[in-house]
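Everything on this sheet refers to the single structure shown next.
Heavy atoms only: backbone and side chains are in, while hydrogens, waters and symmetry mates are out. Note that ligands are numbered from 1 as they come in the structure, with each ligand's atoms numbered from 1 the same way.
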Amino acid sequence: ATRIVVKIGTSTLIHPNGKLNLIAIDQLCYTLSGLVNEGKQVVLVSSGAIGAGLGQLGMTQRPAAIPEQQAIAAIGQTELMTVYQQRFSMYGQKIGQILLTHDVVDFPTSRENVLNTFESLLKAGVIPIVNENDTVAVDELDHHTRFGDNDQLSALVATAIKADLLVMLSDIEGFYDKNPRKFTDATLIKQVKRIDEQLFQHAGGSGTRLGTGGMTTKLKAAQMMLQAGSSMILASGKNPSIIFKLIAGEEVGTLFQ
Ligand code: ADP
């Protein structure tokens with residue numbers, strides 16, 4: 001079966017006012033359920049826990065202290081999963097939650113256990129919903145215990161389960177030759193075949209308050225996919241049903257292949 005990993009970013013899931021974008025989430029759930037019904041195997045890597053937690057608490061900004069961020073992520077993660085559970089069940093779709101720590105990279109046994117879990121879920125037609133386990137991952141600066149961002153985490157998952165495609169949904173149409181939020185003459189690059197250091201110079205940081213990785217981490221994810229002989233499509237998550245189009249081979253966003 002075709003395996004697809006879909007990563008959706010905070011800026012797509014959360015409105016600028018901090019509320020969950022229920023319309024986008026609903027469309028995402030509708031679309032992914034449709035793919036499973038077509039016989040595809042689907043994994044969702046979802047950001048948005050901290051954003052959702054901030055919204056729950058009526059806060060607008062991430063606190064600086066890590067323990068507070070982790071507490072907010074703990075609150076937001078259940079909020080997010082509750083909404084996913086609700087929406088997916090409307091489409092008759094079962095889900096399972098997988099919270100990962102860097103253990104799956106460091107310890108072969110942990111890795112194998114997680115891979116077995118993925119296999120069982122996918123075989124049963126369940127959509128695993130993946131996020132970093134924010135409450136266990138300790139220090140944002142300590143790269144040995146954190147993945148750091150879901151862009152690279154999604155590529156890690158996609159390569160580990162040998163996915164055919166990583167679909168990255170963001171708040172932007174694709175990868176541009178320069179940051180389109182800063183330069184009005186930026187143009188969309190339709191296909192990238194090779195990623196070198198020079199390409200990273202075209203990648204800027206996040207454009208929004210809650211967004212994290214920006215384009216740099218998305219290019220790194222694409223690099224991992226290309227190295228594994230697989231591909232990635234970066235497209236706008238404004239209307240997640242765009243996934244139907246790009247899987248049908250329509251030209252949308254940026255194809256890394
Ligand atoms: P997400 O929450 O979806 O992960 P991010 O805010 O982390 O989104 O990253 C997407 C943002 O990256 C865009 O909205 C844009 O502001 C910024 N960006 C920087 N450089 C580029 C580029 N070359 N092409 C497209 N977007 C870019």
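The atoms of ligand 1 that sit less than 4.0 Å from any heavy atom of Ser11 are 1 (P), 2 (O), 3 (O), 8 (O). Numbered from 1 in the order shown, with element, the atoms of ligand 1 that lie under 4.0 Å from a heavy atom of Thr10 read 2 (O). Within ligand 1, the atoms closer than 4.0 Å to a non-hydrogen atom of Lys7 are 4 (O), numbered from 1 in the order shown. For ligand 1, the atoms lying closer than 4.0 Å to a non-hydrogen atom of Pro180 are 21 (C), 22 (C), 24 (N), 25 (C), 26 (N), 27 (C). Of all the atoms in ligand 1, the ones that sit under 4.0 Å from a non-hydrogen atom of Lys178 are 22 (C), 23 (N). Of all atoms in ligand 1, listed by their number and element, those nearer than 4.0 Å to a heavy atom of Gly174 are 24 (N), 25 (C). The atoms of ligand 1 that sit less than 4.0 Å from any heavy atom of Arg181 are 13 (C), 14 (O), 15 (C), 16 (O). Per-residue contacts place Gly9 under 4.0 angstrom from the following atoms of ligand 1 (heavy atoms of the residue considered): 1 (P), 2 (O), 3 (O).
Every N/O-N/O distance between Asp177 and ligand 1 stays at or above 3.5 Å. Residue Phe175 has no nitrogen or oxygen atom sitting less than 3.5 Å from a nitrogen or oxygen atom of ligand 1, judged on distance alone. On a distance-only criterion, Tyr176 and ligand 1 share at least one N/O pair closer than 3.5 Å. The shortest N or O to N or O distance between Ala203 and ligand 1 is not under 3.5 Å.
A salt bridge is defined here as a Lys NZ or Arg NE, NH1 or NH2 lying under 4.0 Å from an Asp or Glu carboxylate O, and Lys19 with Glu79 fails to meet this definition. Of the charged side-chain nitrogens involved, at least one lies within less than 4.0 Å of a carboxylate oxygen, so that Arg181 and Asp171 count as a salt-bridged pair.
Judged by distance alone, the side chain of Ser230 and the main-chain N or O of Met225 form no donor-acceptor pair under 3.5 Å. Between the Gln93 side chain and the Gly125 main chain, a donor and an acceptor come within less than 3.5 Å of each other.
Ring pair Phe244/Tyr30 is perpendicular by interplanar angle, where above 60° counts as perpendicular and below 30° as parallel.
Transitive grouping of hydrophobic side chains (ILVMFWY, heavy atoms separated by less than 4.5 Å) brings Leu188 and Leu199 into a common cluster.
Side-chain atoms of Thr187 and Asp177 include a donor-acceptor pair closer than 3.5 Å. Between the side chains of Asp134 and Gln77, no donor-acceptor pair of N or O atoms lies under 3.5 Å.
Residue Ser170 holds the heavy atom nearest to atom 8 (O) of ligand 1 of all those in Gly237, Gly51, Ser170, Gly214.
Of the residues Leu169, Leu166, Thr254, Leu255, the one that meets the side chain to side chain contact (heavy atoms under 4.5 Å, CB included) test with Ile233 is Leu255.
Looking at Val130 and Phe118, their side chains come closer than 4.5 Å, going by heavy atoms from C-beta outward.
Contact between Lys218 and ligand 1 is present, with at least one heavy atom of the residue lying under 4.0 Å from the ligand.
Under 4.0 Å from ligand 1, not a single heavy atom of Ala186 appears.
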